[in-house]
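Reading through the structure tokens given below for one structure.
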Amino acid sequence: MRQPAADFAEAVLDVVAAIPPGKVMTYGDVAAVLGTRAARAVGNVMAWSGGDVPWWRVIRASGLPAAGHEERALARFEEEGTPLVATPDGYKVDLRLARHIP
DNA sequence: AAGTTGACTTTCG
DNA sequence: TCGAAAGCCAACT
């Protein structure tokens, strides 16, 4: 199990918790706030932290949520009124409107 | 110390 | 516009 360092994980969780409802940030953006490009490491922290953080507000640059967690994320997005875009395959987040810049 | 893995990003064909 | 390949960073074995 890839258990991230406490300090790194803490920093990631702090940024994620700072994202307001109805908004989202890409993994790359979160990593940038931390002063690095480790988007994958950010995702790793999310997987480790699990349900204690609004992980659905952290999505990929494509506008799609975490792989394999699209349904759960969708429920949250509809609940929070996050700007979504319908796609033939399903849906995606409208990053133009929903992207949160700290 | 070196290699593998991952809820990623960006570029090239 | 879509799919494949390479690139990057942090953590684990």
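These numbers were taken from a predicted model, which means no experiment stands behind them. Values below: every heavy atom of this structure, side chains too, minus hydrogens, waters and symmetry copies. We name chains A, B, ... by the order of the sequence lines, and we start the count at 1 in each one.
Sorted by residue number, the list of members of residues 60-68 of chain A with any non-hydrogen atom under 4.0 Å from DNA chain C is empty. Contacts between residues 4-38 of chain A and DNA chain C, defined by a heavy-atom separation below 4.0 Å, involve A:P4, A:A5, A:F8, A:T36, A:R37, A:A38, listed by number.
Here CZ of A:F77 is found 13.5 Å from CZ of A:R72. Values are rounded to the nearest 0.5 Å.
For the pair A:E71 CD and B:dA7 C1', the computed distance is 16 Å after rounding to whole Å.
For the side chain to side chain contact (heavy atoms under 4.5 Å, CB included) with A:L74, the lone residue among A:V93, A:L84, A:T82 that qualifies is A:L84.
Scanning all heavy atoms of the two residues, the minimum distance from A:A31 to A:A39 falls at CB-N, 3.9 Å. Nearest heavy-atom pair, A:A18 versus A:H100, reported as atom, atom and distance to 0.1 Å: O-NE2, 4.0 Å. When all heavy atoms of A:G43 and A:Y27 are compared, the pair lying nearest together is CA-CE2, 3.6 Å. Residues A:L34 and A:A11 come closest through the heavy atom pair CD2-CB, 3.5 Å.
Donor-acceptor pairing under 3.5 Å is lacking for the side chains of A:S49 and A:D52.
Partners of A:D14 by salt bridge (Lys or Arg N to Asp or Glu O under 4.0 Å), not counting sequence neighbours: none found.
Two residues are said to be in side-chain contact when any heavy atoms from C-beta on lie closer than 4.5 Å; A:P83 and A:R96 fail this criterion. By the 4.5 Å heavy-atom criterion applied to side chains, A:M25 and A:V33 are counted as neighbours. A:L97 has its side chain out of reach of A:K23: every pair of non-hydrogen atoms, C-beta onward, lies at least 4.5 Å apart.
In DNA chain B, runs of at least 3 consecutive Watson-Crick or G-U pairs, each pair with both distances below 3.5 Å, span B:2-6 with C:9-13, B:8-13 with C:2-7.
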List, with names and distances, any nitrogen or oxygen atoms from the protein found under 3.5 Å away from nitrogen or oxygen atoms belonging to nucleotides 2-6 of chain B.
{"unit_1": "B:dT5", "atom_1": "O3'", "unit_2": "A:R2", "atom_2": "NH1", "d": "3.4"}
{"unit_1": "B:dG6", "atom_1": "N9", "unit_2": "A:R40", "atom_2": "NH2", "d": "3.3"}
{"unit_1": "B:dG6", "atom_1": "N7", "unit_2": "A:R40", "atom_2": "NH2", "d": "3.3"}

Output side-chain donor-acceptor pairs under 3.5 Å for residues 54-66 of chain A, partner residues at least two apart or in another chain, one line each.
{"unit_1": "A:W56", "atom_1": "NE1", "unit_2": "A:E80", "atom_2": "OE2", "d": "3.3"}
{"unit_1": "A:R57", "atom_1": "NE", "unit_2": "A:E80", "atom_2": "OE1", "d": "3.4"}
{"unit_1": "A:R57", "atom_1": "NH1", "unit_2": "A:I19", "atom_2": "O", "d": "2.8"}
{"unit_1": "A:R57", "atom_1": "NH2", "unit_2": "A:E80", "atom_2": "OE2", "d": "2.9"}
{"unit_1": "A:R60", "atom_1": "NE", "unit_2": "A:P65", "atom_2": "O", "d": "3.1"}
{"unit_1": "A:R60", "atom_1": "NH2", "unit_2": "A:P65", "atom_2": "O", "d": "3.3"}

